[in-house]
Amino acid sequence: MKIYNYLLESISIKGAAYLILLDPDKITEELLPAFVKHCEKSGVDAFLIGGSLMFNGNFEPFIKQVKENTKLPAIIFPGDINQISSEADAILFLSVVSGRNAEHLIGKHVLAAPIIKKADIEPISTGYILIESGVTTTAVYMSGSLPLPRNKPEIAAATALAAEYLGMKFVYLEAGSGADNSVPDEMIKAVSSVCKIPVIVGGGIKSPMAARKKIESGAKIIITGNFFEDENNWDMIKDFADAVHIRKPVMV
Ligand code: 1GP
C-alpha cells in the first residue's frame, strides 16, 4: 500500500494519526532500536526522519537501522536535498508556502526531483506553513523566509487553501522543533474548516492533552520530536498515541 494511502487509512480508522520525528543528530544509534520498537508497541503510526542540519553523516544507515527494527513506515522529512535515500518508504515533498523564498517554494524541488525518481520512493506533496512561535526557529532561519503571524488564522486558512488548490496532498502547520508555543488551536480550526486535505500539526507539542486539543481543533496528523529525546519521557508515548487516536477501533 502506498504510504499516502496508509496515512489516510490510519486517519479514517483511528480518527487521526500520530507520527514521531527521528532526527539523526539527536538520537544515538545505540538507543535507536529500542526507541523505535517502543514507539511501535505504543501505537505510533509512522516515523518522520530528518533534521534541519545533518552533522551525523549517516543518514542512509540511520534509516536502514530504523527499518530493521520496525514495520512502521519511514518517511523522510527533508531538511535539504542531501536527505534523500532509497532506504525510506516515502518523502514529504515540502514546499514552504508560508514564505516567498523561491528556493524553498520550487528551487530545491527541481534539484531533488530526479534524485527522488532514482531512489524510487513515494513523494507526498505537502504545503509547509511555518507559524511564528515566539522565537526564531531553525526551520524559519533555514528557510530564509518570514513565518506566518500566529494571530492571523485567516492568512493561514487562505495559504492552506491555496496549497490544496495547487494539488498538494497535506498541509503541515509547523511551529518549529522545540518551539515555545505550538500552533494555536484557533488557527488549526480556521485551516481545517476550509481545507479538505488533512492538516498535519507539529512543533512544541509537549503533552497528550495539547495533542488532543489539536485533534479536537481539526488536526489529522500530530508530529512530536523533541519531547522524546529525553529517555525519561518514553513512558508517555502511549499516552500521546491514545490522545491522538480519538476513534477507538470497534471490536467485532
Ligand atoms: C518539527 O514538528 C516537528 O518539525 C516536531 O517538533 O520537536 O517540537 O516536537 P518538536
Side-chain angles (χ1 to χ4, degrees), residues 7 16-27 31-32 35-36 39 42 44-54 56 59 66 74-80 83 88 90-99 104 108 124 126-143 145 147-148 150 156 160 170-185 187-188 191 198-215 217 219-234 236-237 239-241 243-244:
L7 292 173
Y18 179 45
L19 277 55
I20 283 191
L21 171 64
L22 302 170
D23 182 337
D25 279 342
K26 305 266 179 71
I27 181 162
L31 278 182
L32 185 63
F35 183 62
V36 296
C39 288
S42 306
V44 170
D45 295 297
F47 293 102
L48 289 189
I49 301 175
S52 293
L53 297 168
M54 203 50 61
N56 177 345
F59 187 64
V66 172
I75 305 166
I76 297 173
F77 178 56
D80 206 346
Q83 295 171 33
I91 181 166
L92 288 188
F93 202 56
L94 302 168
S95 179
V96 185
V97 292
S98 52
H104 289 269
K108 299 270 184 188
I124 305 176
T126 302
Y128 197 43
I129 302 183
L130 303 176
I131 312 296
E132 196 181 39
S133 67
V135 290
T136 303
T137 60
T138 310
V140 165
Y141 181 77
M142 297 304 279
S143 76
S145 64
L148 205 142
R150 59 186 291 106
F170 291 118
V171 62
Y172 189 146
L173 301 178
E174 171 71 274
S177 194
D180 289 341
N181 302 302
S182 61
V183 178
D185 296 341
M187 185 175 273
I188 300 168
V191 169
V199 178
I200 304 174
V201 177
I205 301 173
K206 298 178 195 114
S207 72
M209 182 57 82
R212 172 60 75 107
K213 282 198 176 144
K214 311 267 174 252
I215 299 297
S217 302
K220 295 295 180 203
I221 299 181
I222 293 292
I223 316 286
T224 65
N226 251 273
F227 190 73
F228 297 114
E229 281 161 22
D230 181 350
E231 227 181 306
N232 296 318
N233 291 339
W234 287 15
M236 285 174 70
I237 299 174
D239 300 333
F240 272 81
V244 169

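The first residue of the sequence shown is numbered 1, and numbering continues consecutively from there. Order of appearance sets the numbers: ligands from 1, and atoms from 1 within every ligand.
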(message) When you measure from the side chain of Asn181 to the backbone of Ser133, do you find a donor-acceptor pair of N or O atoms at a distance under 3.5 Å?
(response) yes
(message) Quick check for you: to the nearest 0.5 Å, what is the distance between Ile20 atom CD1 and Thr224 atom OG1?
(response) 4.5 Å
(message) Is it the case that atom NZ in Lys213 sees more than 12 heavy atoms from other parts of the structure closer than 6.0 Å?
(response) no
(request) Starting from the C-alpha separation in whole Å, work towards a yes-or-no answer on side chain to side chain contact (heavy atoms under 4.5 Å, CB included) for Lys214 and Asp185. (result) CA-CA 6 Å; Lys214 311 267 174 252; Asp185 296 341; 3.0 Å; yes
(message) So Val96 and Leu94, do their side chains get closer than 4.5 Å, heavy atoms only?
(response) no
(message) Exactly one of Trp234, Phe240, Tyr18 should register a ring-ring contact (aromatic ring centres under 6.0 Å, His included) with Phe228. Which one does?
(response) Phe240
Report all N/O contacts between ligand 1 and the protein shorter than 3.5 Å as a table of atom names and distances to 0.1 Å; if there are none, say 'none'.
from: ligand 1; atom 1: 2 (O); to: Tyr172; atom 2: OH; distance (Å): 3.1
from: ligand 1; atom 1: 2 (O); to: Glu174; atom 2: OE1; distance (Å): 3.0
from: ligand 1; atom 1: 2 (O); to: Glu174; atom 2: OE2; distance (Å): 3.4
from: ligand 1; atom 1: 2 (O); to: Gly203; atom 2: N; distance (Å): 2.9
from: ligand 1; atom 1: 4 (O); to: Glu174; atom 2: OE1; distance (Å): 3.4
from: ligand 1; atom 1: 4 (O); to: Glu174; atom 2: OE2; distance (Å): 2.4
from: ligand 1; atom 1: 6 (O); to: Gly203; atom 2: N; distance (Å): 3.4
from: ligand 1; atom 1: 7 (O); to: Ser177; atom 2: OG; distance (Å): 2.6
from: ligand 1; atom 1: 7 (O); to: Asn226; atom 2: N; distance (Å): 2.7
from: ligand 1; atom 1: 7 (O); to: Asn226; atom 2: ND2; distance (Å): 3.2
from: ligand 1; atom 1: 8 (O); to: Gly178; atom 2: N; distance (Å): 2.6
from: ligand 1; atom 1: 8 (O); to: Gly204; atom 2: N; distance (Å): 2.8
from: ligand 1; atom 1: 9 (O); to: Gly225; atom 2: N; distance (Å): 2.8

